[in-house]
Amino acid sequence: MRILVALALALCAVLSSLYQTRAGADDSASSGAVHGSVGVRGNYYWERSTRVVAPSVNASLITPVGVRVEGTYLLDAITSASQATGVQSDVGFTEIRNDVQGGVGYELDLGNTQIDMSASGRFSKEPDYLSRGIGFSGGLSLFERTSTLRLNGYYLHDLVSKIDRMAPAENPGQLMAADPVRVGNLDALSLGLALDQVLTPTLIATAGVDAGFIEGFQANVYRTATFADGGARPEEHPERRVRQAYYLWLAQYLTVTRSALRLGYRYYQDTWKIHAHAPEVRLHQEVGRYAELRLRYRYYTQDSAFFWRKGGNLRKDRYATADPKMSVFHNQTIGMKLRVELSFLGFTALSFAETAVIDFGIEYVFNTNRFGNGVIGQGGLTWPF
(Lines give C-alpha, C1' and ligand atoms only; values in the text may rest on other atoms or scores of the structure.)
Protein backbone atom coordinates (compact mmCIF):
# COMPACT_ATOMS: atom_id res chain seq x y z
CA MET A 1 0.00 0.00 0.00
CA ARG A 2 2.90 2.38 0.65
CA ILE A 3 3.99 1.91 -2.96
CA LEU A 4 0.51 2.83 -4.21
CA VAL A 5 0.37 5.97 -2.07
CA ALA A 6 3.84 7.06 -3.19
CA LEU A 7 2.91 6.42 -6.82
CA ALA A 8 -0.27 8.49 -6.53
CA LEU A 9 1.53 11.39 -4.84
CA ALA A 10 4.30 11.38 -7.43
CA LEU A 11 1.85 11.37 -10.31
CA CYS A 12 -0.15 14.20 -8.77
CA ALA A 13 3.03 16.25 -8.48
CA VAL A 14 3.89 15.62 -12.13
CA LEU A 15 0.38 16.44 -13.30
CA SER A 16 0.35 19.65 -11.24
CA SER A 17 3.66 20.68 -12.78
CA LEU A 18 2.39 19.96 -16.30
CA TYR A 19 -0.72 22.01 -15.67
CA GLN A 20 1.17 25.02 -14.29
CA THR A 21 3.61 25.09 -17.20
CA ARG A 22 1.11 24.44 -19.96
CA ALA A 23 1.27 27.20 -22.57
CA GLY A 24 -1.85 29.28 -22.85
CA ALA A 25 -3.56 27.66 -19.86
CA ASP A 26 -6.88 29.24 -18.95
CA ASP A 27 -6.54 30.64 -15.42
CA SER A 28 -10.30 30.89 -15.07
CA ALA A 29 -10.49 27.09 -14.88
CA SER A 30 -9.28 27.24 -11.28
CA SER A 31 -12.52 28.95 -10.28
CA GLY A 32 -14.59 25.96 -11.37
CA ALA A 33 -16.15 23.42 -9.03
CA VAL A 34 -15.34 19.78 -8.48
CA HIS A 35 -17.69 17.48 -10.39
CA GLY A 36 -17.96 13.78 -10.96
CA SER A 37 -20.31 10.88 -10.25
CA VAL A 38 -21.16 8.20 -7.72
CA GLY A 39 -22.57 4.80 -8.49
CA VAL A 40 -23.76 1.57 -6.96
CA ARG A 41 -23.93 -1.76 -8.77
CA GLY A 42 -25.02 -5.30 -8.14
CA ASN A 43 -23.46 -8.26 -9.94
CA TYR A 44 -24.73 -11.85 -9.90
CA TYR A 45 -23.37 -15.09 -11.37
CA TRP A 46 -24.70 -18.62 -11.09
CA GLU A 47 -23.63 -22.00 -12.40
CA ARG A 48 -24.31 -25.50 -11.12
CA SER A 49 -21.86 -25.50 -8.18
CA THR A 50 -21.17 -21.81 -7.53
CA ARG A 51 -23.12 -18.62 -6.89
CA VAL A 52 -21.47 -15.19 -6.74
CA VAL A 53 -23.13 -12.01 -5.43
CA ALA A 54 -20.93 -8.94 -5.80
CA PRO A 55 -22.25 -5.49 -4.84
CA SER A 56 -19.95 -2.53 -5.49
CA VAL A 57 -19.81 1.24 -5.01
CA ASN A 58 -17.70 3.68 -7.00
CA ALA A 59 -16.99 7.38 -7.19
CA SER A 60 -15.10 9.62 -9.60
CA LEU A 61 -14.07 13.26 -9.28
CA ILE A 62 -12.68 15.81 -11.71
CA THR A 63 -10.97 18.77 -10.04
CA PRO A 64 -11.06 22.33 -11.41
CA VAL A 65 -7.56 21.84 -12.86
CA GLY A 66 -8.62 18.65 -14.70
CA VAL A 67 -7.11 15.98 -12.45
CA ARG A 68 -9.32 12.87 -12.32
CA VAL A 69 -9.60 10.73 -9.19
CA GLU A 70 -11.66 7.55 -8.92
CA GLY A 71 -12.17 4.68 -6.53
CA THR A 72 -14.19 1.44 -6.31
CA TYR A 73 -15.01 -0.94 -3.50
CA LEU A 74 -16.39 -4.39 -4.30
CA LEU A 75 -17.58 -7.13 -1.97
CA ASP A 76 -17.52 -10.65 -3.46
CA ALA A 77 -19.70 -13.24 -1.72
CA ILE A 78 -18.94 -16.64 -3.28
CA THR A 79 -21.14 -19.56 -2.24
CA SER A 80 -19.94 -23.02 -3.25
CA ALA A 81 -19.98 -26.68 -2.31
CA SER A 82 -17.25 -27.65 -4.75
CA GLN A 83 -14.17 -29.59 -3.66
CA ALA A 84 -12.21 -27.24 -5.90
CA THR A 85 -12.72 -24.59 -3.22
CA GLY A 86 -11.55 -26.66 -0.29
CA VAL A 87 -14.80 -28.31 0.79
CA GLN A 88 -14.23 -31.89 1.93
CA SER A 89 -17.94 -32.64 2.38
CA ASP A 90 -21.22 -31.90 0.62
CA VAL A 91 -21.92 -28.70 2.55
CA GLY A 92 -22.11 -25.27 0.96
CA PHE A 93 -20.26 -22.28 2.38
CA THR A 94 -19.82 -18.60 1.56
CA GLU A 95 -16.44 -16.93 1.24
CA ILE A 96 -15.98 -13.15 1.26
CA ARG A 97 -13.53 -11.17 -0.84
CA ASN A 98 -12.88 -7.45 -0.34
CA ASP A 99 -11.57 -5.55 -3.35
CA VAL A 100 -10.46 -1.88 -3.36
CA GLN A 101 -9.29 -0.04 -6.47
CA GLY A 102 -8.24 3.56 -7.03
CA GLY A 103 -6.70 5.72 -9.69
CA VAL A 104 -5.66 9.22 -10.70
CA GLY A 105 -5.35 10.72 -14.18
CA TYR A 106 -4.94 13.87 -16.21
CA GLU A 107 -5.21 14.99 -19.84
CA LEU A 108 -2.74 17.50 -21.22
CA ASP A 109 -4.35 19.43 -24.11
CA LEU A 110 -1.83 20.76 -26.66
CA GLY A 111 -4.32 21.98 -29.22
CA ASN A 112 -4.59 19.40 -32.01
CA THR A 113 -2.89 16.82 -29.78
CA GLN A 114 -3.93 15.49 -26.39
CA ILE A 115 -1.91 13.32 -24.01
CA ASP A 116 -3.84 11.41 -21.35
CA MET A 117 -2.04 9.72 -18.44
CA SER A 118 -3.34 7.74 -15.49
CA ALA A 119 -2.13 5.38 -12.77
CA SER A 120 -4.10 2.93 -10.67
CA GLY A 121 -3.75 0.49 -7.81
CA ARG A 122 -5.71 -2.48 -6.50
CA PHE A 123 -5.84 -4.45 -3.27
CA SER A 124 -7.90 -7.65 -2.96
CA LYS A 125 -8.10 -9.96 0.04
CA GLU A 126 -9.94 -13.19 0.79
CA PRO A 127 -9.18 -15.85 3.42
CA ASP A 128 -6.84 -17.84 1.17
CA TYR A 129 -5.72 -15.26 -1.41
CA LEU A 130 -4.11 -11.82 -1.33
CA SER A 131 -3.63 -9.76 -4.48
CA ARG A 132 -1.92 -6.39 -5.00
CA GLY A 133 -1.47 -4.58 -8.28
CA ILE A 134 -0.41 -1.31 -9.88
CA GLY A 135 -1.06 -0.11 -13.40
CA PHE A 136 -0.75 2.72 -15.86
CA SER A 137 -2.45 3.83 -19.04
CA GLY A 138 -1.69 6.49 -21.59
CA GLY A 139 -3.41 7.87 -24.66
CA LEU A 140 -2.20 10.03 -27.52
CA SER A 141 -4.99 11.73 -29.53
CA LEU A 142 -4.16 13.19 -32.92
CA PHE A 143 -5.90 15.00 -35.79
CA GLU A 144 -8.66 16.55 -33.69
CA ARG A 145 -9.22 13.28 -31.81
CA THR A 146 -9.89 11.22 -34.93
CA SER A 147 -6.96 8.94 -34.07
CA THR A 148 -6.09 7.75 -30.55
CA LEU A 149 -3.18 5.49 -29.70
CA ARG A 150 -3.55 3.80 -26.29
CA LEU A 151 -0.94 2.01 -24.18
CA ASN A 152 -1.56 0.31 -20.84
CA GLY A 153 0.22 -1.97 -18.43
CA TYR A 154 -0.49 -3.76 -15.17
CA TYR A 155 1.55 -5.70 -12.63
CA LEU A 156 0.07 -8.11 -10.07
CA HIS A 157 1.69 -9.86 -7.13
CA ASP A 158 -0.48 -12.50 -5.47
CA LEU A 159 0.03 -14.64 -2.38
CA VAL A 160 -1.66 -18.05 -2.63
CA SER A 161 -2.73 -20.03 0.45
CA LYS A 162 -4.84 -23.09 1.17
CA ILE A 163 -7.62 -23.62 3.72
CA ASP A 164 -9.20 -27.04 4.24
CA ARG A 165 -12.85 -27.03 5.30
CA MET A 166 -14.57 -30.05 6.82
CA ALA A 167 -17.87 -30.77 8.54
CA PRO A 168 -17.29 -32.44 11.95
CA ALA A 169 -19.17 -35.66 12.65
CA GLU A 170 -20.98 -34.14 15.63
CA ASN A 171 -22.28 -31.23 13.52
CA PRO A 172 -22.35 -32.26 9.83
CA GLY A 173 -24.19 -29.11 8.77
CA GLN A 174 -21.45 -26.76 9.98
CA LEU A 175 -18.12 -26.33 8.16
CA MET A 176 -14.92 -25.88 10.16
CA ALA A 177 -11.99 -24.10 8.51
CA ALA A 178 -8.35 -24.82 9.27
CA ASP A 179 -5.71 -22.07 9.39
CA PRO A 180 -4.45 -20.95 5.95
CA VAL A 181 -1.24 -22.56 4.74
CA ARG A 182 0.95 -20.62 2.31
CA VAL A 183 1.36 -22.41 -1.03
CA GLY A 184 3.15 -19.99 -3.32
CA ASN A 185 3.23 -16.69 -5.21
CA LEU A 186 1.92 -15.53 -8.55
CA ASP A 187 3.36 -12.62 -10.52
CA ALA A 188 1.76 -11.27 -13.69
CA LEU A 189 2.63 -8.46 -16.07
CA SER A 190 0.21 -7.42 -18.80
CA LEU A 191 0.73 -4.90 -21.60
CA GLY A 192 -1.73 -3.60 -24.18
CA LEU A 193 -1.53 -1.45 -27.28
CA ALA A 194 -4.56 -0.27 -29.28
CA LEU A 195 -5.55 2.23 -31.95
CA ASP A 196 -8.97 3.89 -32.20
CA GLN A 197 -9.60 5.36 -35.64
CA VAL A 198 -12.54 7.41 -36.91
CA LEU A 199 -13.12 6.23 -40.49
CA THR A 200 -16.26 8.21 -41.31
CA PRO A 201 -18.59 10.43 -39.26
CA THR A 202 -20.53 7.27 -38.30
CA LEU A 203 -17.90 4.50 -38.41
CA ILE A 204 -15.14 3.83 -35.85
CA ALA A 205 -12.56 1.02 -35.85
CA THR A 206 -10.44 -0.29 -32.99
CA ALA A 207 -7.52 -2.69 -33.36
CA GLY A 208 -5.31 -3.88 -30.54
CA VAL A 209 -2.98 -6.44 -29.07
CA ASP A 210 -2.59 -7.62 -25.46
CA ALA A 211 0.29 -9.61 -23.98
CA GLY A 212 0.59 -11.27 -20.58
CA PHE A 213 3.58 -12.75 -18.78
CA ILE A 214 2.71 -14.95 -15.80
CA GLU A 215 4.99 -16.83 -13.44
CA GLY A 216 4.27 -18.70 -10.24
CA PHE A 217 1.59 -20.97 -8.81
CA GLN A 218 -1.23 -21.23 -11.40
CA ALA A 219 -3.09 -24.39 -10.40
CA ASN A 220 -6.03 -24.71 -8.01
CA VAL A 221 -4.72 -25.57 -4.54
CA TYR A 222 -7.87 -27.59 -3.77
CA ARG A 223 -8.48 -29.42 -7.03
CA THR A 224 -7.18 -32.97 -7.60
CA ALA A 225 -6.53 -34.55 -11.00
CA THR A 226 -7.51 -38.19 -11.49
CA PHE A 227 -5.33 -40.82 -13.15
CA ALA A 228 -6.64 -42.80 -16.10
CA ASP A 229 -5.97 -46.04 -14.21
CA GLY A 230 -7.48 -44.85 -10.90
CA GLY A 231 -6.26 -42.69 -8.05
CA ALA A 232 -5.56 -38.98 -7.98
CA ARG A 233 -2.89 -36.38 -7.30
CA PRO A 234 -2.90 -32.64 -6.55
CA GLU A 235 -3.35 -30.50 -9.62
CA GLU A 236 -0.10 -29.08 -11.01
CA HIS A 237 0.23 -26.59 -13.86
CA PRO A 238 3.36 -25.13 -15.50
CA GLU A 239 4.66 -22.13 -13.59
CA ARG A 240 5.23 -19.99 -16.68
CA ARG A 241 2.67 -18.80 -19.18
CA VAL A 242 2.88 -16.21 -21.94
CA ARG A 243 -0.35 -14.98 -23.49
CA GLN A 244 -1.15 -12.98 -26.61
CA ALA A 245 -4.49 -11.70 -27.85
CA TYR A 246 -5.36 -9.74 -30.98
CA TYR A 247 -8.71 -8.02 -31.49
CA LEU A 248 -10.63 -5.83 -33.91
CA TRP A 249 -13.87 -3.86 -33.42
CA LEU A 250 -16.03 -1.97 -35.92
CA ALA A 251 -18.80 0.32 -34.68
CA GLN A 252 -21.32 1.76 -37.17
CA TYR A 253 -24.04 4.23 -36.21
CA LEU A 254 -27.23 3.94 -38.28
CA THR A 255 -28.89 7.36 -38.37
CA VAL A 256 -32.16 6.16 -39.90
CA THR A 257 -32.94 3.71 -37.11
CA ARG A 258 -31.02 5.56 -34.35
CA SER A 259 -29.05 2.42 -33.59
CA ALA A 260 -25.42 1.31 -33.50
CA LEU A 261 -23.98 -2.01 -34.61
CA ARG A 262 -20.70 -3.28 -33.15
CA LEU A 263 -18.84 -6.24 -34.66
CA GLY A 264 -15.80 -7.71 -32.96
CA TYR A 265 -13.35 -10.58 -33.18
CA ARG A 266 -10.64 -11.73 -30.76
CA TYR A 267 -7.94 -14.34 -31.30
CA TYR A 268 -6.01 -15.76 -28.33
CA GLN A 269 -2.98 -18.03 -27.95
CA ASP A 270 -0.53 -18.93 -25.20
CA THR A 271 2.49 -21.10 -24.44
CA TRP A 272 0.21 -23.76 -22.93
CA LYS A 273 -0.88 -24.39 -26.54
CA ILE A 274 -4.38 -23.01 -26.10
CA HIS A 275 -5.83 -21.23 -29.13
CA ALA A 276 -9.20 -19.50 -28.98
CA HIS A 277 -11.53 -17.56 -31.28
CA ALA A 278 -14.27 -15.20 -30.08
CA PRO A 279 -16.51 -13.34 -32.57
CA GLU A 280 -19.10 -11.01 -31.08
CA VAL A 281 -21.94 -8.75 -32.21
CA ARG A 282 -23.77 -6.04 -30.27
CA LEU A 283 -26.77 -3.97 -31.27
CA HIS A 284 -27.52 -0.71 -29.42
CA GLN A 285 -30.98 0.67 -30.08
CA GLU A 286 -32.46 3.93 -28.85
CA VAL A 287 -35.91 3.38 -27.38
CA GLY A 288 -37.74 6.69 -27.14
CA ARG A 289 -36.02 9.74 -25.67
CA TYR A 290 -34.68 8.23 -22.48
CA ALA A 291 -33.79 4.56 -22.99
CA GLU A 292 -31.27 2.44 -24.86
CA LEU A 293 -31.48 -1.32 -25.37
CA ARG A 294 -28.38 -3.43 -26.03
CA LEU A 295 -28.52 -6.94 -27.44
CA ARG A 296 -25.37 -9.08 -27.35
CA TYR A 297 -24.24 -12.41 -28.82
CA ARG A 298 -20.76 -13.91 -28.33
CA TYR A 299 -19.35 -17.24 -29.47
CA TYR A 300 -16.18 -18.66 -27.92
CA THR A 301 -14.27 -21.78 -28.88
CA GLN A 302 -10.86 -23.13 -27.83
CA ASP A 303 -8.65 -26.19 -28.04
CA SER A 304 -7.00 -27.77 -25.00
CA ALA A 305 -3.80 -27.14 -23.09
CA PHE A 306 -0.95 -29.48 -23.95
CA PHE A 307 -1.16 -31.21 -20.56
CA TRP A 308 -4.93 -31.86 -20.62
CA ARG A 309 -6.01 -35.50 -21.01
CA LYS A 310 -9.70 -36.24 -21.56
CA GLY A 311 -9.65 -39.67 -19.93
CA GLY A 312 -7.46 -38.69 -16.99
CA ASN A 313 -3.78 -38.01 -16.50
CA LEU A 314 -1.07 -40.64 -16.72
CA ARG A 315 1.18 -41.27 -13.75
CA LYS A 316 4.24 -40.38 -15.85
CA ASP A 317 2.86 -36.91 -16.75
CA ARG A 318 4.89 -33.93 -15.51
CA TYR A 319 1.73 -31.84 -15.13
CA ALA A 320 -1.80 -32.81 -14.16
CA THR A 321 -5.06 -30.88 -14.33
CA ALA A 322 -8.78 -31.24 -13.80
CA ASP A 323 -9.53 -27.63 -14.73
CA PRO A 324 -12.40 -27.50 -17.27
CA LYS A 325 -10.91 -24.30 -18.71
CA MET A 326 -7.93 -26.35 -19.92
CA SER A 327 -10.15 -28.66 -22.00
CA VAL A 328 -11.59 -28.37 -25.49
CA PHE A 329 -14.90 -26.52 -25.20
CA HIS A 330 -17.04 -23.78 -26.61
CA ASN A 331 -19.75 -21.53 -25.24
CA GLN A 332 -22.34 -19.06 -26.46
CA THR A 333 -23.47 -15.97 -24.58
CA ILE A 334 -26.72 -14.18 -25.33
CA GLY A 335 -27.98 -11.23 -23.36
CA MET A 336 -29.65 -7.87 -23.16
CA LYS A 337 -29.10 -4.65 -21.22
CA LEU A 338 -31.46 -1.71 -20.74
CA ARG A 339 -30.12 1.75 -19.90
CA VAL A 340 -32.54 4.49 -18.82
CA GLU A 341 -31.80 8.19 -18.27
CA LEU A 342 -33.94 9.73 -15.54
CA SER A 343 -34.07 13.22 -17.05
CA PHE A 344 -37.86 12.85 -17.39
CA LEU A 345 -37.99 13.44 -13.62
CA GLY A 346 -36.95 17.05 -14.12
CA PHE A 347 -40.46 18.45 -13.69
CA THR A 348 -41.52 16.20 -10.81
CA ALA A 349 -40.93 16.02 -7.07
CA LEU A 350 -38.00 13.70 -7.84
CA SER A 351 -36.14 16.28 -9.90
CA PHE A 352 -33.07 15.86 -7.66
CA ALA A 353 -32.46 12.56 -9.51
CA GLU A 354 -32.89 13.87 -13.06
CA THR A 355 -29.19 13.49 -13.90
CA ALA A 356 -29.03 9.84 -12.81
CA VAL A 357 -28.89 6.80 -15.09
CA ILE A 358 -30.02 3.28 -14.22
CA ASP A 359 -29.24 0.09 -16.09
CA PHE A 360 -29.88 -3.60 -15.71
CA GLY A 361 -29.04 -6.60 -17.82
CA ILE A 362 -29.05 -10.36 -17.94
CA GLU A 363 -27.03 -12.88 -19.94
CA TYR A 364 -27.21 -16.64 -20.33
CA VAL A 365 -24.13 -18.73 -21.11
CA PHE A 366 -24.48 -22.08 -22.91
CA ASN A 367 -21.30 -23.91 -21.93
CA THR A 368 -20.04 -27.33 -23.05
CA ASN A 369 -17.39 -27.89 -20.35
CA ARG A 370 -17.96 -29.32 -16.87
CA PHE A 371 -18.90 -25.95 -15.39
CA GLY A 372 -22.18 -26.14 -17.29
CA ASN A 373 -24.48 -23.32 -18.25
CA GLY A 374 -24.52 -20.08 -16.30
CA VAL A 375 -26.52 -16.92 -15.65
CA ILE A 376 -25.02 -13.43 -15.32
CA GLY A 377 -27.04 -10.51 -13.99
CA GLN A 378 -26.13 -6.86 -13.44
CA GLY A 379 -27.86 -3.71 -12.32
CA GLY A 380 -26.67 -0.26 -11.31
CA LEU A 381 -27.31 3.41 -10.69
CA THR A 382 -24.91 6.20 -11.73
CA TRP A 383 -25.50 9.70 -10.38
CA PRO A 384 -23.44 12.56 -11.87
CA PHE A 385 -23.01 15.75 -9.85
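- Side chain of N367 to main chain of N331: no donor-acceptor pair is present (N/O by atom type, distance under 3.5 Å, no hydrogens or angles).
- Taking the side chain as every heavy atom from C-beta outward, F306 and I274 never approach each other to under 4.5 Å.
- Here the closest heavy-atom approach between residue N185 and residue L159 is recorded as OD1-CD2, 3.2 Å.
- With contacts defined as side-chain heavy-atom distances shorter than 4.5 Å, the pair N43/V52 does not qualify.
- Side-chain contact between T321 and H237 is present, with at least one heavy-atom pair separated by less than 4.5 Å.
- Counting non-hydrogen atoms of other residues, nucleotides and ligands closer than 6.0 Å to NZ of K273 gives a total of 12 or fewer.
- The pair R282-E280 meets the salt-bridge criterion, since a charged nitrogen lies less than 4.0 angstrom from a carboxylate oxygen.
- Residues L338 and A291 approach most closely at CD1-CB, 4.3 Å, considering heavy atoms.
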Decide side-chain contact (heavy atoms from CB on, under 4.5 Å) for N373 and Y364; before the verdict, give the C-alpha distance in whole Å, the side-chain angles of both, and the deciding distance to 0.1 Å.
CA-CA 8 Å; N373 298 343; Y364 193 86; 3.3 Å; yes

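- For the pair R309 and D317, the minimum side-chain heavy-atom distance is below 4.5 Å.
- No single ILVMFWY cluster, assembled from side-chain heavy atoms under 4.5 Å apart, contains both V357 and L345.
- Between the OG atom in S56 and the OH atom in Y73 there is a gap of 10.5 Å [rounded to 0.5 Å].
- Heavy-atom minimum distance, P127 versus E95: CD-CG, 3.6 Å.
- Between atom CG of residue N369 and atom CE of residue M326 there is a gap of 10.5 Å, rounded to the nearest 0.5 Å.
- In this structure, T226 contributes its side chain and A232 its backbone to no donor-acceptor pair below 3.5 Å.
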Does the pair K162 and D128 meet the rule for a salt bridge (Lys or Arg N to Asp or Glu O under 4.0 Å), with working shown?
CA-CA 6 Å; K162 179 180 180 181; D128 55 2; over 6 Å; no

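- Cluster annotation: L156 and I134 are assigned to distinct hydrophobic clusters (Ile/Leu/Val/Met/Phe/Trp/Tyr, side-chain heavy-atom contacts under 4.5 Å, transitive).
- Checked by atom type and distance alone, the side chain of T113 never pairs as donor or acceptor with a backbone atom of L110 at under 3.5 Å.
- The six-membered or imidazole ring of Y265 lies away from that of Y246, with a centre-to-centre distance of 6.0 Å or more.
- A salt bridge links D196 and R150; the closest N-O separation between the charged side-chain nitrogens and carboxylate oxygens is under 4.0 Å.
- For E341 and R339, the salt-bridge test passes: some basic side-chain N is under 4.0 Å from an acidic carboxylate O.
- A distance-only check finds no donor-acceptor pair linking the side chain of T50 to the backbone of E47 [under 3.5 Å].
- Between the side chain of Q101 and the main chain of S124, no donor-acceptor pair closer than 3.5 Å is present.
- Around CZ of F352, the count of heavy atoms belonging to other residues, nucleotides or ligands within 6.0 Å exceeds 12.
- Atom CG of L142 sits about 9.5 Å away from atom CG of N112, to the nearest 0.5 Å.
- Across every non-hydrogen atom of F329 and P324, the tightest pair is CD2-O, 3.8 Å.
- Residue L381 is grouped with residue V53 when hydrophobic side chains (ILVMFWY) are merged at heavy-atom distances under 4.5 angstrom, including chains of intermediate members.
- Between A228 and L314, the closest heavy-atom pair is CB-CD2, 4.2 Å.
- For H275 and Y268, the distance between ring centers is not under 6.0 angstrom.
- With hydrogens and angles disregarded, no donor-acceptor distance shorter than 3.5 Å links the side chain of T382 to the backbone of G39.
- Closest non-hydrogen pair, P384 versus T355, comes out as CD-O, 3.0 Å.
- Between E363 and R298, no side-chain nitrogen of the basic residue sits less than 4.0 Å from a carboxylate oxygen of the acidic one, so the salt-bridge criterion is not met.
- A salt bridge is defined here as a Lys NZ or Arg NE, NH1 or NH2 lying under 4.0 Å from an Asp or Glu carboxylate O, and R289 with E286 fails to meet this definition.
- With salt bridges taken as basic N to acidic carboxylate O contacts below 4.0 Å, none links D158 and R132.
- There is no path of hydrophobic side-chain contacts, each under 4.5 Å, that joins L74 to V69.
- The CG atom of L191 lies 7.0 Å from the CG atom of L151; values are rounded to the nearest 0.5 Å.
- Taking NE2 from H330 and CD from Q302, the interatomic distance works out to 11.5 Å, rounded to the nearest 0.5 Å.
- Under a hydrophobic clustering in which Ile, Leu, Val, Met, Phe, Trp and Tyr are joined whenever their side-chain heavy atoms come within less than 4.5 Å, directly or via other members, V340 and L350 fall into the same cluster.
- Counting only heavy atoms from C-beta outward, the side chains of S343 and Y290 approach each other to under 4.5 Å.
- For the pair D99 and R97, the salt-bridge criterion is met [side-chain N within less than 4.0 Å of a carboxylate O].
- Heavy atoms of other residues, nucleotides or ligands lying less than 6.0 angstrom from CD of E354 number more than 12.
- Here D323 does not pair with R370 in a salt bridge; the nearest charged N to carboxylate O distance is not below 4.0 Å.
- Checked against the 6.0 Å centroid threshold, Y299 and Y297 do not count as a close aromatic pair.
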In sequence, state the C-alpha distance, the side-chain angles, and the governing distance for Q252 and R262, and then conclude on side-chain contact (heavy atoms from CB on, under 4.5 Å).
CA-CA 6 Å; Q252 174 70 59; R262 292 192 68 194; over 6 Å; no

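- Judged purely by atom type and a 3.5 angstrom limit, Y222 uses its side chain to pair as donor or acceptor with the backbone of I163.
- Note that CE of M117 and CZ of R68 are 9.5 Å apart. Values are rounded to the nearest 0.5 Å.
- Side chain of N152 to backbone of L193: no donor-acceptor contact under 3.5 angstrom is found.
- Ring-centre distance between W272 and F307: below the 6.0 Å cut-off.
- For an aromatic pair to be called close, the ring centres must be under 6.0 Å apart, and H277 with Y267 satisfies this.
- Enclosure of atom CZ in R240 is not indicated, since only 12 or fewer non-hydrogen atoms of other residues, nucleotides or ligands lie within 6.0 angstrom.
- Of the listed residues (R296, K337, E292, R294), just one forms a side-chain hydrogen bond (donor to acceptor under 3.5 Å, both in side chains) with H284, and that residue is E292.
- In this structure, the side chains of T224 and R233 stay at 4.5 Å or more apart for every pair of heavy atoms.
- Checked by atom type and distance alone, the side chain of S304 never pairs as donor or acceptor with a backbone atom of W308 at under 3.5 Å.
- Using a distance-only test at 3.5 Å, with no hydrogens or angles considered, no donor-acceptor pair links the side chain of E70 to the main chain of A59.
- The side-chain tip of R266 does not point at the ring of Y247 from less than 6.0 angstrom away and within 45° of straight on.
- Between W249 and I204, the closest side-chain pair of non-hydrogen atoms is not below 4.5 Å.
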Begin with the C-alpha distance, continue with both residues' side-chain angles, and end with the deciding distance and a verdict on ring-ring contact (aromatic ring centres under 6.0 Å, His included) for F136 and Y154.
CA-CA 7 Å; F136 75 91; Y154 210 85; 9.4 Å; no

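- The shortest side-chain heavy-atom distance between T206 and L195 does not fall under the 4.5 Å cut-off.
- Classification of E107 and R145 as a salt-bridged pair holds, one side-chain N sitting under 4.0 Å from a carboxylate O.
- Relative to the six-membered ring of W46, R51 misses at least one condition, a distance below 6.0 Å or an angle of at most 45° to the axis.
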